[in-house]
Every structure is written in C-alpha cells, then in structure tokens.
Amino acid sequence: MEENLFEQRTDLDDLRQAVEQLKGEIGKVIVGQEGMIELLLAGILADGHILIEGVPGVAKTLTAKLLSRVISVGFSRIQFTPDLMPSDVIGTSVFNPRDNNFQFKHGPIFSNIVLIDEINRAPAKTQSALFEVMEERQITVDGHTYHLEAPFMVVATQNPIEQEGTYHLPEAQLDRFLFKIRVQYPTQEEEFHIVSNHHLMKGDQRIETVDPVIPGVRIQQLRDKVRGLHIEEKLIHFITAIVVATRDHKAIFLGASPRASIGILNGAKALAAMRGRDFVTPEDIVYITPSVLRHRLVLTPEKEMEGTTTDEVIAEIVKSIEVPR
C-alpha cells in the first residue's frame, strides 16, 4: 500500500490547544494585531528573540507584558536610556563585608521573558551587554559564567520614526533577533473597539483580566515538538536560495547570514505547527521570510535615497525564485 505523504506523523493537538488558549487570553486585552500575536507565539515556539517596531501607542509593550502573564514564567522590564550601563542590565559584583568577599548581584536580564523598551536609546557599550546572553543564554562576569533558566526570550521595542536620542543597533545584534515585527495602526473598526473597551473598563488595569494558561516547562515540551517537524530537502534548497540571493542583489549592500536561513527554517516549522501541520509548506516559508530578513539586510545608499524598503526587495527576491511543489 502506497504511503500517504500527507499523513500526520506527530500529534499536535496539545500544541494547537495551547496556542488557542494563549491567543484567547491575549485577545481579552489586545484588539486586532493578529499578525503580531501570531509571530510572537511563533517566536516563542522557535526559541527566538523578537524586535517589535511601531509608533507609540500601538500596544507593543502591553503585548509583551501580556505574554509573560499568559505563560507562567518570570518577567522583567528594562527601560533603555542613553545613560544606562552594562551593569544595569546584567548585574554587578557587590562587596559583602560580613563574608569579606564580592558577591554577584543579578541584573534584570536574569529572567524568562525580558522586555527591553526602546532598545535603540542605549549606546553601543550597553548594547554589547546583550550579545552573549541573546546568543548563548549565559552571562560571563569576572571570569564566572552564569546560565539562564529556560525558557529565555528577549522582546525589544523601538520607534521607527523618532531619531533624536537614539542609536543605530549594531548589525551583529540585529542578527540575533529571529523576527522583526512591524506593527501597523489599527483599522477604524478595531480602534472603535479599543476605545469602547477602555470606556467599559472605567480605567481599570486591563492586564489584570488575563490569567496564566500554561507553565514555562510546557513551552520547552512544545519546542521539542516543533523541532521534530518534517521539512523536505527541496524546501531547504528554497530557503537557502532566498538567503543566498540577498548577497548578490544589486539593491543590497549587506546580505543575510546563514543564521537567517536557520531562522526561516525554525520560524516556518513553528508556523506550520501552529496551523496544525507536522510538515512545512512553501507558503509557511514565504509568509515568515520578511520578518526574518527585514532587519538583517542593508540596502545600498542609492536605494535608500530612492525610498526603497527592505520588504520590497525581499518580495522581489522571493518572487524571482521558483517555488517548489
């Protein structure tokens, strides 16, 4: 009997149920923004960090806080400012006169979900404090290495318009973010519901209406399922063809690294699992690619002056490559 290639090999019912529970709780507070919520949950399942870009007031910070509430894990928030020092992020050694020695006092980065508000307001010296922890999930201070407890995720926000008092994030740091999510304004109907809900709540804290639905250890179990999803070799060729094309494109000064290829793979697996499949399709790859690549590409000065966006170039690249079937 011929094997059915589309037969479900992995039971994903519990994963889909968990995702629906998370969406349901977040939806108690957040109106619309389905794309942002879907990518945030995919980022959690793919074990990646997320950069959220949007103008003030579109619920970037609120959504990140809600994530830590619906998942029963530790949460800390760091407001990045120009005078913030690396020790304000990772911690510092403090002298203990009773024991006559130095003891390391953990900084706010020692948590599970870490919200970094306005990440581009801190200088390069402070940004460098995030390099090791975002890539290796550990901190090295005074020759001692401290491992962070899983799950660990950085959710950073930034304003794309305001330039005064901000710093350009180093490319090496941007490359450590799995997704860059662009948050748009709500529609008029969505904004009506936002204002109506605020009126009905009479100024009460909306976040208090949200309850934890899954523990942190469950996230690790769901991630293991996502890693085991099937992907055909021709789809891996499709992913690498897209990323390699960014390195030779006439509109791009700096292309994407192999980390981007791995990011598309992991993101597509998470998206497929959320949609109830234990295999990746070309549509998963096409959907996830802009969020993985848009912050990793540097356009040529000519294209930037013309007003070309990275999303336009990514769409052109994806369209130029034959989609495997």
Side-chain angles (χ1 to χ4, degrees), residues 14-15 18-19 21-22 25-26 37 39-52 61 63-80 84-94 96 101-117 119 122 126-157 173 175-179 207 210-228 259 262-263 266-267 269-270 273-274:
D14 59 336
L15 188 145
V19 168
Q21 287 178 321
L22 292 171
E25 286 299 311
I26 295 174
I37 294 170
L39 286 171
L40 275 170
L41 296 179
I44 291 175
L45 294 174
D47 194 12
H49 309 294
I50 293 178
L51 177 62
I52 307 176
T61 301
T63 305
K65 291 170 67 176
L66 285 170
L67 267 183
S68 68
R69 189 169 178 87
V70 296
I71 303 171
S72 186
V73 292
F75 172 75
S76 65
R77 176 179 177 178
I78 313 173
Q79 184 70 47
F80 267 28
L84 198 73
M85 298 296 291
S87 58
D88 297 324
V89 176
I90 63 176
T92 187
S93 295
V94 178
N96 185 343
N101 61 8
F102 283 90
Q103 295 180 348
F104 180 65
K105 183 180 180 182
H106 290 185
I109 199 70
F110 284 85
S111 192
N112 297 113
I113 295 180
V114 180
L115 168 62
I116 300 179
D117 245 344
I119 189 171
T126 304
Q127 301 291 351
S128 66
L130 298 173
F131 278 38
E132 181 184 14
V133 69
M134 289 180 67
E135 180 64 20
E136 303 174 45
R137 271 67 170 180
Q138 66 180 34
I139 292 289
T140 303
V141 181
D142 296 332
H144 295 282
T145 299
Y146 303 88
H147 296 276
L148 277 75
E149 292 184 6
F152 173 73
M153 178 184 188
V154 171
V155 180
T157 68
Q173 181 180 358
D175 203 32
R176 283 162 165 77
F177 284 101
L178 175 63
F179 298 147
I207 198 169
V210 174
D211 299 314
V213 291
I214 60 173
V217 67
R218 182 94 180 277
I219 293 295
Q220 292 300 103
Q221 296 167 353
L222 298 179
R223 284 176 175 176
D224 290 339
K225 283 199 170 187
V226 168
R227 293 188 186 103
R259 189 183 278 147
I262 296 172
N266 292 339
K269 282 184 176 182
M274 290 170 62

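All of these numbers come straight from a predicted model, not from anything done at the bench. In what follows, every heavy atom counts, from backbone to side chain, and hydrogens, waters and symmetry copies are set aside.
- Using a 4.5 Å cut-off on side-chain heavy atoms (C-beta onward), Ile214 and Leu22 make contact.
- Using a 4.5 Å heavy-atom cutoff, the side chains of Arg69 and Glu25 are not in contact.
- For the residue pair Ser72 and Pro215, the shortest heavy atom distance occurs at CB-CA, 4.1 Å.
- Contact detail for Ser93 and Asp142: the closest heavy-atom pair is OG-OD2, 2.8 Å.
- With sequence neighbours excluded, the residues forming a ring pair (Phe, Tyr, Trp, His ring centres under 6.0 Å) with Tyr146 are Phe104, His106, listed by chain and number.
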Going through the distances and angles, do Gln220 and Arg223 end up as a side-chain hydrogen bond (donor to acceptor under 3.5 Å, both in side chains)?
-> CA-CA 5 Å; Gln220 292 300 103; Arg223 284 176 175 176; 3.0 Å; yes
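- Residues Val73 and Ile219 fail the side-chain proximity criterion, which asks for heavy atoms closer than 4.5 Å.
- In this structure, the side chains of Pro108 and Arg77 stay at 4.5 Å or more apart for every pair of heavy atoms.
- Shown here for Leu51 and Phe177, the closest heavy-atom pair between the two residues is N-CD2, 3.6 Å.
- Judged by distance alone, the side chain of Thr126 and the main-chain N or O of Leu84 form a donor-acceptor pair under 3.5 Å.
- Annotation: Glu136, atom CD; neighbour count of heavy atoms from other residues, nucleotides and ligands within 6.0 Å is above 12.
- Counting heavy atoms from C-beta outward, Asp47 and Arg137 have side chains that approach closer than 4.5 Å.
- With contacts defined as side-chain heavy-atom distances shorter than 4.5 Å, the pair Asp14/Arg218 qualifies.
- Here the closest non-hydrogen pair linking Ile109 and Ile78 is N-CD1, 4.3 Å.
- With contacts defined as side-chain heavy-atom distances shorter than 4.5 Å, the pair Val154/Ile119 does not qualify.
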Going through the distances and angles, do Ile52 and Thr61 end up as a side chain to side chain contact (heavy atoms under 4.5 Å, CB included)?
-> CA-CA 9 Å; Ile52 307 176; Thr61 301; over 6 Å; no
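- A donor-acceptor distance shorter than 3.5 angstrom exists from the side chain of Lys269 to the backbone of Arg227, with no hydrogens or angles considered.
- Between Phe75 and Leu67, every side-chain heavy-atom pair lies at or beyond the 4.5 Å cut-off.
- A donor-acceptor contact shorter than 3.5 Å links the side chain of Glu132 to the backbone of Thr140.
- Checked options Phe179, Phe152, Phe131; the residue passing with His49 is Phe152 (criterion: ring-ring contact (aromatic ring centres under 6.0 Å, His included)).
- When all heavy atoms are compared, the tightest approach of Leu40 to Val155 is CD2-CG1, 4.5 Å.
- Environment of CG in Asp224: crowded, with over 12 heavy atoms of neighbouring residues, nucleotides or ligands closer than 6.0 Å.
- Residues passing the side-chain hydrogen bond (donor to acceptor under 3.5 Å, both in side chains) test with Asn112: none are found, sequence neighbours excluded.
- The two residues Ile90 and Phe110 have their closest heavy-atom pair at O-CE1, 3.3 Å.
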